[in-house]
Amino acid sequence: MPYQADRDANRALRARFDEVYAQYQRLRSGLDELQQRLIRTRVSAESDDGLVRATVGPRGQLIELKLDPRIYRETNADALARKITKTIQTATERSIEHVQRIVAEYLPPDSGAVDFLKDNNFGSLMRRHDAALREVAERDG
């Protein structure tokens, strides 16, 4: 009977390996496309009054800032600075969301990497590994 249990365990392991390998192959084959899509990412935001427009890249880095000439009518430099900052922050938030959606197309839904992009928590990257180690410990413990 132990021989049958080993065969069943091997079959289950093989099936899991095949699933993980297929996910890896899908990711690997799409990696170049993913990279190109990320490189081309440009996201813009405009202030409510249309005086400020910010365009950022995939990491939220400022690529272009356009200021409408009407800003020179603004006499409050602090208010203008806040408006510019808020517009850049909005563009950056949109860029992060856009990158998350793109990356999610290439990774499994429960991928720690996708969650890490959302929460910047390194624990997200290790969640699946921790769960797998717990399963092994419970099974062998």
Residue pair V52, D68: steps toward the side-chain contact (heavy atoms from CB on, under 4.5 Å) verdict: CA-CA 6 Å; V52 178; D68 187 287; over 6 Å; no
For R53, enumerate each residue passing the salt bridge (Lys or Arg N to Asp or Glu O under 4.0 Å) test, keeping only those at least two apart in sequence or located in another chain. E46
Sorted by chain and residue number, the salt bridge (Lys or Arg N to Asp or Glu O under 4.0 Å) partners of D18 (sequence neighbours excluded) come out as R14
Please answer: with hydrophobic residues joined when any side-chain heavy atoms are less than 4.5 Å apart, are [X] and [Y] in the same cluster?
X   : Y   : result
I88 : I63 : no
F17 : L13 : no
L51 : L80 : yes

Kindly determine whether I102 and L38 satisfy side-chain contact (heavy atoms from CB on, under 4.5 Å), including the steps that lead there. CA-CA 8 Å; I102 290 174; L38 291 174; 4.2 Å; yes
Could you check if a side-chain atom of [X] sits within less than 4.5 angstrom of a side-chain atom of [Y], using non-hydrogen atoms only?
X   : Y   : result
L65 : T87 : no
D32 : Q36 : no
R82 : D78 : yes

Does atom CG (D48) have a neighbourhood of more than 12 heavy atoms from anything else shown, all under 6.0 Å? no
I'd like to know whether CD of Q25 has more than 12 heavy-atom contacts from other residues, nucleotides or ligands below 6.0 angstrom. yes
[X] side chain vs [Y] backbone, donor-acceptor pair below 3.5 Å:
X   : Y   : result
S95 : A91 : no
T41 : P58 : no
Q61 : R59 : yes
S47 : K83 : no
R42 : I39 : yes

What pair of heavy atoms forms the shortest contact from T92 to G60, and how long is it? OG1-O, 3.3 Å
Taking E19 first and then R16, would you say they form a salt bridge - that is, a charged N and a carboxylate O separated by under 4.0 Å? yes
Lys/Arg-Asp/Glu bridge criterion (N-O < 4.0 Å) met for R70, D49: no
Return the [atom1] to [atom2] distance between [X] and [Y], rounded to the nearest 0.5 Å.
X   : Y   : atom1 : atom2 : value
H98 : E93 : NE2   : CD    : 15.5 Å
R94 : Q89 : CZ    : CD    : 12.5 Å
S44 : E64 : OG    : CD    : 7.5 Å

